[in-house]
Amino acid sequence: MFQTLEAFYESAKSKGRKPVAVAAADDFHTLEAVHQAEKDGAIFPILIGLETGIREKLTTIDPAFSNFAVINEEDETAMAKLAVQQVKEKKAHFIMKGMLNTGTLLKEIVNKEEGLNKGGTISHISIVEIPDYHKLLLLTDCGIMITPNAQQKAAIIQNAVDLLLTAGYTCPKVAALSTVEFVNPKMPDTVDAAALQAMNEAGAITNCVVEGPISFDIALNAETAKLKGYQGVVPGDPDILLVPSIATGNILIKALGRFVPNIRTIALASGAGIPIVVTSRGTPVVGKYRSLLAACAVAKEQ
């Protein structure tokens, strides 16, 4: 269990350098984040993109950093394919998205013939440090799966759980969020949440504890759970919050960022056997750097 992002980052640095394939690396913010992570001893970058642009930016950032090998490519789709190829050939342990559309990269990752997860579920994971919460909190899926069904939600949970297991967790606690903490047939998310708990109890979702349906206030506050008569081990101590839809997750993560002072958030995609750094193209250097280190902390040897 990690209480802070710093602890997460130190875990990454202690594991030694992880090779990362950076798709569309011709971007100052991306290269500056890569430069800092390389200086920290966390990564070995494999840069993919327009070589002239990458070389010029590397020289500007740090002349000593300009000697890394660059795979020259002008086409965005080809850049994504090359990044996937680096992982398949065990030359990279994970992928970072640079100045590239997320959909372009994910399309190549999920390609049933040439991709990494052979058509499985890729999901978005936000790792959040909230000052008043006693450990890091994962929110999923806030950015990829729009309206997942129960089976897809099971895969989303498993993706998040597997990520935490790689980071050293043993049995993460999962809150399947809904508006209320009881099943209402007119509210499909409550039905799904109950089904997910049953799937977990039956062993279909493994290495975790899933409880739901559970409202947000109960999930984060054990005292509220007692007042409402909710019985379970998750209230006040979840590691993962499963949101019922992308709209819910997007609103929740943005509301937390807007109204919770000093909150810090990083984003990854999971489900391909590797972490994928999918920060927005407009994300500042520090956000890309933090996400790189988080990916290092959960990347497996290939």
Side-chain angles (χ1 to χ4, degrees), residues 5 97 101-103 106 121-133 135-157 159-161 163-164 172-184 186-197 210-221 224-225 228 230 234-271 276-284 287-288 290-291 294:
L5 288 176
K97 178 180 77 76
N101 183 277
T102 300
L106 293 182
T121 299
I122 300 287
S123 52
H124 183 279
I125 296 173
S126 294
I127 304 174
V128 185
E129 180 186 297
I130 301 174
D132 289 338
Y133 194 60
K135 58 183 174 179
L136 296 180
L137 191 61
L138 271 65
L139 274 63
T140 189
D141 179 321
C142 303
I144 295 177
M145 301 293 290
I146 299 174
T147 53
N149 58 33
Q151 288 297 325
Q152 290 170 325
K153 289 176 181 177
I156 290 169
I157 290 174
N159 286 347
V161 169
L163 184 147
L164 287 182
K173 297 175 183 177
V174 183
L177 295 180
S178 182
T179 309
V180 294
E181 62 277 8
F182 52 85
V183 175
N184 182 338
K186 295 182 179 180
M187 302 173 71
D189 54 290
T190 67
V191 177
D192 284 355
L196 292 167
Q197 179 171 326
V210 180
E211 291 181 0
I214 183 170
S215 58
F216 183 81
D217 58 337
I218 288 177
L220 272 296
N221 192 307
T224 301
K228 291 189 174 183
Y230 188 93
V234 169
D237 195 41
D239 298 288
I240 300 168
L241 299 181
L242 173 76
V243 297
S245 69
I246 194 173
T248 308
N250 187 272
I251 292 168
L252 176 57
I253 197 71
K254 288 179 178 177
L256 289 172
R258 174 65 179 84
F259 294 110
V260 177
N262 301 317
I263 188 173
R264 296 193 295 170
T265 304
I266 53 180
L268 300 172
S270 184
I276 308 160
V277 180
V278 289
T279 48
S280 167
R281 285 170 285 183
T283 300
K288 293 179 184 290
R290 289 171 178 167
S291 294

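This is a predicted model, so every value here is computed, not measured.
Two residues are said to be in side-chain contact when any heavy atoms from C-beta on lie closer than 4.5 Å; T265 and I253 meet this criterion. Proximity of P213 to V180: side-chain heavy atoms (C-beta onward) are nowhere separated by under 4.5 Å. A 4.5 Å side-chain heavy-atom check between N184 and T179 finds every atom pair outside the cut-off. The shortest side-chain heavy-atom distance between S291 and I127 does not fall under the 4.5 Å cut-off. Looking at heavy atoms from C-beta onward, V277 lies in side-chain contact with L268 at the 4.5 angstrom threshold.
Between the side chain of Q152 and the main chain of N149, a donor-acceptor pair closer than 3.5 Å is present. Not a single donor-acceptor pair under 3.5 Å links the side chain of E181 to the backbone N or O of S215.
Contact detail for D192 and A150: the closest heavy-atom pair is OD1-CB, 3.8 Å. Scanning both residues, Y133 and L136, for their nearest heavy atoms gives CE2-O, 4.4 Å. Between T283 and K288, the shortest heavy-atom contact is O-CE, 3.2 Å. In plain terms, the two heavy atoms of V278 and H124 that are nearest each other are CG2-CD2, 4.3 Å. Considering all non-hydrogen atoms of both residues, Q197 and V210 come closest at CG-O, 3.3 Å. Minimum heavy-atom separation, N101 to K97: C-CD, 4.1 Å.
With sequence neighbours excluded, no residue forms a side chain to side chain contact (heavy atoms under 4.5 Å, CB included) with I251.
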Evaluation steps, side chain to side chain donor-acceptor pair (under 3.5 Å), between D189 and S178: CA-CA 6 Å; D189 54 290; S178 182; 2.3 Å; yes
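Note: N250 CG to D141 CG = 10.5 Å, rounded to the nearest 0.5 Å. The CG atom of L256 sits 4.5 Å away from the CD1 atom of I263 when rounded to the nearest 0.5 Å. To the nearest 0.5 Å, atom CD1 of residue I122 and atom CD1 of residue I276 are 4.5 Å apart. If you take CD on Q151 and CD1 on I156, they are separated by 11.5 Å, rounding to the nearest 0.5 Å. With values rounded to the nearest 0.5 angstrom, R264 atom CZ is found 9.0 Å from N262 atom CG. If you take CG on L5 and CD1 on I266, they are separated by 5.0 Å, rounding to the nearest 0.5 Å.
A side-chain donor-acceptor contact under 3.5 Å links N159 and S123.
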Please list every donor-acceptor pair under 3.5 Å in which a side-chain atom of residues 235-249 meets a protein atom from a residue at least two apart or in another chain.
unit_1: D237; atom_1: OD1; unit_2: H134; atom_2: NE2; d: 2.7
unit_1: D237; atom_1: OD1; unit_2: K135; atom_2: NZ; d: 3.0
unit_1: D237; atom_1: OD2; unit_2: K173; atom_2: NZ; d: 2.7
unit_1: D239; atom_1: OD1; unit_2: K135; atom_2: NZ; d: 2.9
unit_1: D239; atom_1: OD2; unit_2: K173; atom_2: N; d: 2.9
unit_1: S245; atom_1: OG; unit_2: T248; atom_2: N; d: 3.3
unit_1: S245; atom_1: OG; unit_2: T248; atom_2: OG1; d: 3.0

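Paired with L138 under the rule side chain to side chain contact (heavy atoms under 4.5 Å, CB included), one option of V161, V174, V128, I125 passes, and it is I125.
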